[in-house]
Structures are given as C-alpha cells and as structure tokens.
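For ligands, and for the atoms within them, numbers begin at 1 and follow the listed sequence.
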Amino acid sequence: MSVEASCHCGAVRLVLDTAPATVTECNCSLCRRYGVLWAYYSPSQVTLIPPTPPTATYLWNGRNVAFHHCTNCGCVTHWSAVNPKRDRMGINARLLEPSILEAAERRYLDKQDRPSG
Ligand SMILES: [Zn+2]
C-alpha cells in the first residue's frame with residue numbers, strides 16, 4: 001500500500017509505493033544537523049507531486065547527492081543522486097505519518113565526518 005510524505009506546507013509531496021520497513025538515522029555532519037531519518041527507495045518507486053516540486057537543493061563534499069528542501073516551509077524532503085543512473089534516492093521519513101515511522105525499524109549509520117547519503 002502506498003504512503004504519502006509531505007512537507008509542512010504541502011507544496012512538496014512524495015508518494016511511496018510501499019511504507020518503509022527500515023529508516024536510517026545518519027550522524028554525518030549534514031544529517032545530524034537536519035535531524036532527518038532516511039528511507040531509501042528506487043526513484044521508480046517514488047512519485048513527486050507536483051512532478052517538479054518547489055525545492056531548493058544543497059550539494060556538498062563529493063557533490064554526488066542533492067539535498068532538497070521546500071522553498072516555502074523549509075522542510076528537508078529528500079535527496080536525489082546527481083548521476084541519473086544511480087537507482088537510489090532518500091526520502092525524509094519524518095515527513096510520513098508518525099504511525100508509519102513507528103512501525104519501521106530504526107537503523108543507525110555511523111558516517112561522522114564522511115559524505116552522507
Ligand atoms: Zn513546504
């Protein structure tokens with residue numbers, strides 16, 4: 001069953017084919033500041049609404065990944081691979097309903113001072 005993630009103002013919505021079984025908390029210098037939990041998907045499993053949502057992006061370090069946030073409310077919504085051949089993206093699972101998040105197993109990624117994603 002699909003689930004929907006939305007930023008606070010609703011300008012950016014992401015429909016996921018399935019609820020995440022696991023969510024990942026990363027302690028790299030960027031993710032710990034964002035305070036996000038990542039759910040990883042193939043871009044083919046994610047529908048952006050609208051197709052080109054109003055986001056601004058931030059790239060750092062290897063610049064392999066663009067971190068998107070809503071230009072209106074500021075919520076971090078997802079990251080996308082700069083290389084379109086990479087079949088992976090990260091959704092900020094904190095934008096999901098709390099009950100969906102609680103049902104997912106929490107994983108911890110130790111990437112202090114290393115690139116995130
Ligand atoms: Zn927003």
Side-chain angles (χ1 to χ4, degrees):
M1 202 180 76
S2 67
V3 296
E4 185 176 309
S6 171
C7 69
H8 190 257
C9 75
V12 184
R13 291 157 56 206
L14 304 103
V15 178
L16 315 176
D17 276 0
T18 57
T22 62
V23 294
T24 300
E25 183 171 335
C26 175
N27 67 353
C28 84
S29 62
L30 184 60
C31 292
R32 68 184 167 85
R33 285 178 167 84
Y34 281 160
V36 299
L37 291 169
W38 297 117
Y40 302 115
Y41 286 90
S42 160
S44 66
Q45 298 175 287
V46 178
T47 304
L48 296 175
I49 302 172
T52 306
T55 60
T57 56
Y58 176 66
L59 287 84
W60 74 299
N61 202 305
R63 304 177 73 84
N64 294 315
V65 167
F67 293 87
H68 292 250
H69 64 268
C70 174
T71 54
N72 187 43
C73 69
C75 290
V76 175
T77 53
H78 63 291
W79 63 253
S80 58
V82 171
N83 180 349
K85 288 180 184 167
R86 191 175 170 200
D87 190 35
R88 188 171 168 89
M89 67 184 292
I91 309 302
N92 182 6
R94 290 204 184 274
L95 306 185
L96 294 164
E97 288 299 321
S99 60
I100 295 168
L101 195 51
E102 283 161 18
E105 182 191 343
R106 188 83 57 110
R107 285 184 179 165
Y108 296 91
L109 192 60
D110 190 3
K111 293 178 81 173
Q112 210 160 359
D113 303 320
R114 290 172 52 202
S116 59

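- Among the backbone and side-chain atoms of Cys7, an N, O or S atom lies under 2.8 Å from the Zn ion (ligand 1).
- Side chain of Tyr41 to main chain of Thr18: a donor-acceptor pair is present (N/O by atom type, distance under 3.5 Å, no hydrogens or angles).
- Side chains of Leu96 and Val23 form no contact here, defined as non-hydrogen atoms less than 4.5 Å apart.
- Under 2.8 Å from the Zn ion (ligand 1) lies an N/O/S atom of Cys9, whether from backbone or side chain.
- Inter-residue side-chain proximity for Leu95 and Cys75 is flagged as met; some heavy-atom pair is nearer than 4.5 Å.
- At the Zn ion (ligand 1), the vertex angle linking SG of Cys70 with SG of Cys73 is 110° (nearest 10 degrees).
- A donor-acceptor pair under 3.5 Å is formed between the side chain of Asn92 and the backbone N or O of Val76.
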